[in-house]
Trainee: 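Starting off with a structure, shown below.
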Amino acid sequence: MLDLKFIRNNVEKIKRAIELKNDHADVDKLIELDTEKRKMLIEVEDLKRQRNTVSEEIGNMKKLKQDASEVIAKMRNVSDKIKELDEQIRKLDEQIFEIQIRIPNIPHPSVPEGKDESANIEVKKWGELPEMDFQPLPHWEVGEKLGILDLAGGSKVSGSFFINYMGLGARLQRALISFMLDLHIKKHGYIEVYPPFIVNRESMFGTGQLPKMEEDMYHAAVDDLFLIPTAEVPVTNLLRDQVLKGENLPVYYTAYTPCFRREAGTHGKDTRGLIRVHQFDKVEMVKFVDPKVSYDELETLLGNAEEVLQLLELPYRVLTLASGDLSFAAAKCYDIEVWAAGLSKWLEVSSCSNFEDFQARRANIRFKRDPSSKPEFVHTLNGSGLALPRTVIAILENYQTDEGTIIVPEVLREFMGTDIIK
RNA sequence: GGAGAGGUGCCGGAGCGGCUGAACGGGGCGGCCUGCUAAGCCGUUGUAGGUCUUUGAUCUACCGAGGGUUCGAAUCCCUCCCUCUCCGCCA
C-alpha cells in the first residue's frame with residue numbers, strides 16, 4: 001500500500017506505475033474523495049472543538065449549581081451534526097481505502113519497462129547444460145517408472161494436480177527441505193521459523209494477497225481462514241504491528257511450509273507432472289531491513305537462493321522481471337529458472353523480491369533507528385530458496401541415466417541415505 | 001465446548017461520567033553530580049490525521065475492536081476478538 005500523502009503528491013507518477021504494471025486503479029477518483037473528505041474534516045473538527053470547550057463549561061456551571069439546560073440543548077444539535085459528519089467521513093474513508101489498497105507498488109527505476117514476460121532481461125547464467133547421449137525423459141516418466149512419483153494416487157485422494165510421492169520420492173522432499181534449511185540457517189544467518197499454514201484475513205491483507213487474489217486461495221469458510229500460498233504470508237506477518245529496535249535489523253527468517261494454490265484459470269498448457277500443482281513444498285527466506293540497504297539485501301537474497309542450485313549443481317539463469325511481469329506488491333524482482341533436460345525448458349524455481357515499504361505499511365511493521373527517533377517502516381524482501389517441485393523436476397531430468405536411474409546430487413546423499421535412486 | 005479472571009502508554013500498574021493523553025513506579029532520552037561505574041537530583045519522553053503565517057504553532061482522534069447511552073465516556077450498557085486459569089474432548 002502506498003502512503004496517502006505520497007499519492008496526493010505524485011498522481012502522475014502513480015498513474016504511470018499502474019500502467020506499467022498492467023493494473024487498474026482510479027487514482028483521480030481517490031484524489032476527489034480525499035479532497036472532499038478533508039473539507040469535511042475541517043468542519044467536523046471545528047464542531048468537536050466547540051463541543052469539548054462547551055462541555056467543559058457545562059461541567060463548571062453544574063458545579064456552581066447554575067442552569068445549563070439551554071446550552072445542553074444547543075450542544076445536542078452540535079453532537080447530532082458531528083455524528084452525521086463522522087458517518088459521512090467514515091464512508092469516504094472506506095471508499096478511499098478500497099481504491100488505495102488496489103494501487104500496486106511502484107517499480108524501481110532499474111526495472112525494465114515492458115508489458116509482459118517477453119521484456120524480462122536475462123542477467124546471469126550459471127552451469128553447463130547437461131549433455132546426454134540418450135534422449136532424456138520427462139520427469140513424470142522417470143518418476144513413475146521408479147515408483148517415486150504417484151500421480152494417480154494424488155488425484156485419487158484429492159484431485160488433479162495433487163501429487164503423491166512414494167519411497168525415495170517422499171524422502172527426496174524431506175532431504176531437500178533439510179538441505180535448504182540447513183544451508184540458510186548455518187551459512188546465510190537466517191533464523192528458522194515453523195509458522196502456521198492457515199492464516200487469517202489480516203495476514204493475507206498484510207502481505208498483499210488480499211483483496212486481489214482471493215479466488216486463487218483455498219479458504220476455510222466457517223472460520224474465514226486461508227491456506228497459505230507461500231510462507232511469506234505467515235512469516236512476514238509475524239512482525240505485524242510491531243516497532244523493532246533499529247539495532248535488531250536486519251531480521252532474517254527462513255521457513256519450510258507447504259503452499260496451497262488454487263491456480264484458478266491456469267489449467268491447460270505446461271501443467272503436466274510436477275510443473276504446476278495445487279500443493280507444493282517450499283523453503284522461503286524473508287528479510288526485514290533498513291530501507292537504506294534494501295537493494296543490497298535483495299542481491300544477497302538472490303545469492304542465497306542461487307547457492308542452493310549451485311550446490312545441487314543444477315544449471316540456471318537469472319532474470320530481472322519487467323514491470324508488466326512484476327507482482328502487485330513488488331518493486332523489483334529476480335526470477336531464477338532452472339534447466340530441465342527432459343522438458344528442454346527453463347523453469348521458475350525462485351522469485352526474489354523487494355517490496356520496499358509496501359507490505360510494511362499494510363502490515364504496520366516499523367523500526368526505530370534510535371531509541372528517541374520516530375518509527376519508520378522497514379523494507380521487506382522475500383525469496384524462494386527454493387520451491388521444491390521444479391527443483392525435483394530438474395533433479396529427476398538432469399541426473400537421470402540411460403538405465404532409468406537417478407544419481408543423487410552429492411549434497412543430498414547424507415539426507416537420502418543413498419547415492420542412487422533405482 | 002463449559003466455568004471463571006482479565007485486556008490502559010515502551011513495561012509494570014492506578015483511574016468518584018467532566019481540569020486524565022492519562023496518577024505512581026520502572027525504562028529510554030537530555031542535563032547536573034562523579035576520577036570511572038553505581039547511587040542521587042532535575043527535566044523530558046506515544047501514535048495517527050487535519051489546518052496554518054509549514055523545520056514551528058494549533059486542532060482532532062486514539063485507554064483490545066465495533067456499536068450504544070450522555071451536553072460530555074478509559075470510566076455506564078451491548079456485541080465481538082484475544083490472553084490466562086480450571087473442567088471436558090481430542091492428535
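Below, chains carry the letters A, B, ... as their sequence lines are ordered, and counting in each starts from 1.
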Trainee: Please report, rounded to the nearest Å, how far the C1' atom of B/rC82 is from the CD atom of A/E202.
Mentor: 12 Å
Trainee: Between B/rC10 and B/rU45, how far is it from one P atom to the other, in whole Å?
Mentor: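 Nearest-Å result for B/rC10 against B/rU45 at atom P: 14 Å.
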Trainee: For B/rU53, what is the paired nucleotide under Watson-Crick or G-U wobble rules, both distances under 3.5 Å?
Mentor: none
Trainee: Short of 4.0 Å, heavy atom to strand atom, which residues of residues 95-106 of chain A count as contacting RNA chain B?
Mentor: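 Heavy-atom contacts with RNA chain B come from no residue of residues 95-106 of chain A; none.
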Trainee: What's the gap between B/rG21 and B/rC59 when it is taken at their C1' atoms, as a whole Å value?
Mentor: 15 Å
Trainee: With no hydrogens and no angle check, just 3.5 Å: does a side-chain donor-acceptor pair link A/N364 and A/R366?
Mentor: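 Indeed, the side chains of A/N364 and A/R366 share at least one donor-acceptor pair under 3.5 Å.
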Trainee: Round to a whole Å and report the spacing from NZ of A/K83 to P of B/rA61.
Mentor: 14 Å
Trainee: Starting from the C-alpha separation in whole Å, work towards a yes-or-no answer on ring-ring contact (aromatic ring centres under 6.0 Å, His included) for A/F260 and A/F197.
Mentor: CA-CA 9 Å; A/F260 304 92; A/F197 301 156; 7.4 Å; no
Trainee: Just checking, is any N or O donor in the side chain of A/K332 or A/S110 under 3.5 Å from an acceptor N or O on the other one?
Mentor: yes
Trainee: Classify the ring geometry of A/H184 against A/H188: parallel below 30°, tilted from 30° to 60°, perpendicular beyond 60°.
Mentor: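 Aromatic pair A/H184/A/H188 classed tilted.
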Trainee: Can you say whether the rings of A/F288 and A/Y253 are parallel (under 30°), tilted (30 to 60°) or perpendicular (over 60°)?
Mentor: perpendicular
Trainee: Quick test of your reading of the model: are A/D93 and A/R90 salt-bridged, counting only N-O distances below 4.0 Å?
Mentor: no
Trainee: Indicate the ring-plane relationship of A/H108 and A/Y295, choosing parallel, tilted or perpendicular according to the 30° and 60° boundaries.
Mentor: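 Ring orientation of A/H108 relative to A/Y295: tilted.
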Trainee: How far does the C1' atom of B/rU20 sit from the matching atom of B/rA14, given to the nearest Å?
Mentor: 11 Å
Trainee: Indicate whether OP1 or OP2 belonging to B/rG72 is found under 4.0 Å from a side-chain N or O atom of A/S79.
Mentor: yes
Trainee: Between B/rA23 and B/rC81, how many Å separate the two C1' atoms, rounded to a whole number?
Mentor: 30 Å
Trainee: Find the distance A/M61:CE to B/rG72:P and express it as a whole number of Å.
Mentor: 16 Å
Trainee: Which comes earlier along RNA chain B counting from the 5' end, the contact point of A/R76 or that of A/L41, where each point is its nearest nucleotide?
Mentor: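 Checking each residue's closest nucleotide, the 5'-ward one belongs to A/L41.
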Trainee: Kindly point out which of B/rG67, B/rG18, B/rG49 is positioned nearest to the side chain of A/K5?
Mentor: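 Nucleotide nearest to A/K5's side chain: B/rG49.
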Trainee: Base, sugar-phosphate, or nothing for A/R361, non-hydrogen atoms under 4.0 angstrom?
Mentor: nothing
Trainee: Touch check for A/K37, heavy atoms < 4.0 angstrom, all strands: base, sugar-phosphate only, or nothing?
Mentor: nothing
Trainee: With rounding to the closest Å, how many angstrom separate the P atoms on B/rG6 and B/rU70?
Mentor: 28 Å
Trainee: Quick one: look up who B/rA22 pairs with, Watson-Crick or G-U, both distances under 3.5 Å, and put none if it's unpaired.
Mentor: none
Trainee: List the protein contact pattern of nucleotides 52-60 of chain B with one symbol per nucleotide (5' to 3'): B for base contact, S for sugar-phosphate-only contact, - for none; contact means a heavy-atom distance under 4.0 Å.
Mentor: -------BB
Trainee: Rounded to whole Å, please give me the gap between CD in A/E43 and P in B/rG49.
Mentor: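 Computing the A/E43:CD to B/rG49:P distance gives 22 Å.
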Trainee: Could you give the distance separating B/rU44 and B/rG9 at their C1' atoms, to the nearest angstrom?
Mentor: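 Going atom to atom, C1' in each nucleotide, I get 15 Å.
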Trainee: Taking the nucleotide of RNA chain B with the closest heavy atom to each, which residue, A/D34 or A/N60, is nearer the 5' end?
Mentor: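 Its nearest nucleotide lies further toward 5', so the answer is A/N60.
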Trainee: Under a 3.5 Å cutoff, is there a donor and acceptor pairing between the side chains of A/Q400 and A/H139?
Mentor: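 The answer is no; no qualifying pair exists.
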Trainee: Please check if any side-chain donor atom of A/Q50 sits under 3.5 Å from a side-chain acceptor atom of A/T53, or the reverse.
Mentor: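 There is no such pair (donor and acceptor under 3.5 Å, judged by atom type) between the side chains of A/Q50 and A/T53.
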Trainee: Would you measure the distance from the C1' atom in B/rC89 across to the matching atom in B/rG2 and give it in whole Å?
Mentor: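 Straight-line distance between the two C1' atoms is 11 Å.
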Trainee: Over how many whole Å does the gap from A/R8 atom CZ to B/rG50 atom C1' extend?
Mentor: 9 Å
Trainee: Just call it for A/K245: base, sugar-phosphate, or nothing, with non-hydrogen atoms closer than 4.0 Å on any strand.
Mentor: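 Here A/K245 touches no strand at all.
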Trainee: Taking a pair as Watson-Crick or G-U wobble with both distances under 3.5 Å, which nucleotide is matched to B/rC29?
Mentor: B/rG43
Trainee: Rounded to whole Å, how long is the line connecting atom CZ of A/F377 with atom P of B/rU47?
Mentor: 12 Å
Trainee: I'd like to know if the side chain of A/H379 pairs up with that of A/E356 as donor and acceptor (distance under 3.5 Å, no hydrogens or angles considered).
Mentor: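 Looking only at side-chain atoms, A/E356 and A/H379 do not form any donor-acceptor pair under 3.5 Å.
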Trainee: Checking base pairs now: Watson-Crick or wobble, both atom distances under 3.5 Å. What partners B/rA5?
Mentor: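 With both distances under 3.5 Å, B/rA5 matches B/rU83.
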Trainee: Using the C1' atoms only, state how far B/rC62 lies from B/rG27, rounded to an integer number of Å.
Mentor: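 23 Å, rounded to whole Å.
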Trainee: Which part of the nucleic acid, if any, lies within reach of A/I42 when heavy atoms closer than 4.0 Å are counted: base, sugar-phosphate only, or nothing?
Mentor: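 Since only primed, P, OP1 and OP2 atoms lie under 4.0 Å of A/I42, the category is sugar-phosphate.
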Trainee: Run the salt-bridge test on A/R174 and A/D281 with the 4.0 Å N-O cut-off and return the result as yes or no.
Mentor: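 So A/R174 does not pair with A/D281 through a salt bridge.
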Trainee: Pairing check on B/rC76: which nucleotide meets the Watson-Crick or G-U wobble criteria with it, both distances under 3.5 Å?
Mentor: B/rG68
Trainee: Scan A/K74 against the nucleic acid and name what it touches under 4.0 Å (heavy atoms): base, sugar-phosphate only, or nothing.
Mentor: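 Nothing, no heavy atom under 4.0 Å.
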Trainee: With both distances under 3.5 Å as the test, what is the Watson-Crick or G-U wobble partner of B/rA48?
Mentor: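 Per the H-bond distance test, B/rU60.
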Trainee: With both distances under 3.5 angstrom, what nucleotide forms a Watson-Crick or G-U wobble pair with B/rA38?
Mentor: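 Checking every strand shown, B/rA38 finds no partner, since no pair has both distances under 3.5 Å.
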Trainee: Starting from C1' on B/rG66, measure out to CD on A/E87 and report it in whole angstrom.
Mentor: 13 Å
Trainee: Rounded to whole angstroms, how far apart are CG on A/N248 and P on B/rC10?
Mentor: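 Whole-Å distance recorded here is 17 Å.
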Trainee: State, with a plain yes or no, whether a side-chain heavy atom of A/F161 is found less than 4.5 Å away from one of A/L274.
Mentor: no
Trainee: Taking the side chain of A/P375 as heavy atoms from C-beta outward, which of B/rG50, B/rU47, B/rC71 is closest to it?
Mentor: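 Nearest to the side-chain atoms of A/P375, counting from C-beta on, is B/rU47.
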